[in-house]
Amino acid sequence: MGVPDGLSCVFCDIVAGRAEASVPYEDEAVVVIMDIRPVAPGDALVVPRAHAVGLEDLDEETGTRMWRIGHRLARALRLSRLRCEGVNVFLADGEAACQQVFHVHLHVFPRHRGDGFRLQVDPISRERRLLDQDASALRAALYALRPGPPPTG
């Protein structure tokens with residue numbers, strides 16, 4: 001979970017105080033920083049203090065904390081003078097998911113009608129049989145992540 005020798009992580013530098021950031025919130029597990037390339041004013045990132053490249057490297061307790069603070073930030077955006085019509089909460093996990101900084105982080109940003117931000121998606125159709133097969137594969141993987149033997153039945 002550490003940063004390889006000789007490589008630098010901008011979020012680790014911010015957490016350690018070696019790089020500057022505008023910080024609206026921090027606790028023992030996470031630091032919230034304002035995005036220097038925001039989608040809109042109020043765009044913030046929830047960053048775990050401990051380096052983790054992606055979700056696979058992140059312990060569940062810290063991940064839960066990130067989402068809890070992300071939820072709180074979304075509520076705060078609506079109450080703040082920044083006001084918004086909506087909020088996106090977004091996490092890119094891996095290069096194929098468009099992750100650009102390889103220290104896991106949660107984006108929380110305000111949205112306004114006509115703001116220009118778009119996620120372009122070309123959804124596919126899946127037959128129920130295939131959806132059931134996908135559900136079965138995920139169920140097996142979820143059981144593999146649980147401590148102890150899988151339930152029977």
Side-chain angles (χ1 to χ4, degrees), residues 1-124 126 134-135 137-148 150:
M1 284 203 296
V3 179
D5 290 338
L7 295 180
S8 179
C9 170
V10 66
F11 291 162
C12 287
D13 288 344
I14 289 169
V15 166
R18 294 186 298 266
E20 65 180 2
S22 299
V23 179
Y25 177 86
E26 61 184 308
D27 63 28
E28 67 285 346
V30 301
V31 176
V32 175
I33 61 175
M34 303 311 296
D35 197 329
I36 62 170
R37 294 179 49 208
V39 171
D43 187 340
L45 308 173
V46 182
V47 179
R49 288 186 179 276
H51 184 80
V53 172
L55 290 173
E56 186 66 24
D57 302 316
L58 186 68
D59 65 275
E60 285 188 16
E61 185 176 317
T62 304
T64 299
R65 184 69 184 162
M66 287 175 61
W67 286 96
R68 180 174 288 127
I69 297 304
H71 179 196
R72 197 173 294 164
L73 276 172
R75 292 176 63 210
L77 278 169
R78 292 179 182 275
L79 293 174
S80 75
R81 68 171 177 74
L82 297 166
R83 295 286 183 196
C84 57
E85 296 173 54
V87 176
N88 273 121
V89 179
F90 180 79
L91 190 146
D93 184 29
E95 193 172 347
C98 299
Q99 183 177 3
Q100 294 176 333
V101 176
F102 291 92
H103 180 130
V104 68
H105 55 287
L106 184 64
H107 295 259
V108 181
F109 54 95
R111 297 296 309 276
H112 300 275
R113 195 175 331 275
D115 64 13
F117 180 82
R118 298 288 175 265
L119 291 175
Q120 187 169 345
V121 179
D122 294 321
I124 60 174
R126 300 275 286 164
D134 296 347
L138 284 173
R139 188 177 311 109
L142 284 166
Y143 285 139
L145 292 172
R146 294 177 59 177

*asked:* If I compare all heavy atoms of Val32 with all of Ala44, which pair ends up nearest, and what's the gap?
replied: CG1-CB, 3.9 Å
_Val31 vs Val23 side-chain heavy atoms within contact, under 4.5 Å_ = yes
*With side chains defined as the heavy atoms from C-beta onward, is the minimum distance between His105 and Ile33 less than 4.5 Å?*
no
*Counting only heavy atoms not in Arg68, do more than 12 fall under 6.0 Å of its CZ?*
no
*What heavy-atom pair brings Leu58 and Gly63 nearest, and what distance separates the two atoms?*
CD2-CA, 3.5 Å
*For the residue pair His51 and Phe11, establish whether any side-chain heavy-atom pair is separated by less than 4.5 Å.*
no
_To the nearest 0.5 Å, what is the distance between OG1 on Thr62 and CH2 on Trp67?_
14.5 Å
*asked:* Counting C-beta onward and ignoring hydrogens, is there a side-chain heavy-atom pair between Leu91 and Leu55 closer than 4.5 Å?
replied: yes
*Could you tell me which non-hydrogen atom of Met34 sits nearest to which non-hydrogen atom of Pro24, and how far apart they are?*
SD-CG, 3.8 Å
*Is there a donor-acceptor contact under 3.5 Å from the side chain of Gln99 to the main chain of Gly94?*
yes
_So which atom in Val39 and which in Asp43 form the shortest heavy-atom distance, rounded to 0.1 Å?_
N-OD2, 2.8 Å
*Is the number of heavy atoms from other residues, nucleotides or ligands under 6.0 Å of His107 NE2 greater than 12?*
yes
_Quick check: closest heavy atoms across His103 and Pro48, and the distance to 0.1 Å?_
NE2-O, 2.9 Å
*State, yes or no, whether a side-chain contact exists between Leu73 and Tyr25 at a heavy-atom distance under 4.5 Å.*
no
*asked:* Counting C-beta onward and ignoring hydrogens, is there a side-chain heavy-atom pair between Ile69 and Asp27 closer than 4.5 Å?
replied: yes
*Say whether, by atom type as modelled, one donor and one acceptor occur between the side chain of Arg83 and the main chain of Arg78 under 3.5 angstrom.*
yes
*Which pair of non-hydrogen atoms, one from Cys98 and one from Ala92, has the smallest distance, and what is that distance?*
C-CB, 3.9 Å
*Enter the distance from Glu26:CD to Arg49:CZ here, rounded to the nearest 0.5 Å.*
5.0 Å
_Quick one, Pro110 and Leu82 - any side-chain contact, counting heavy atoms below 4.5 Å?_
no
*Going by heavy atoms in the side chains, are Leu77 and Val108 under 4.5 Å from each other?*
yes
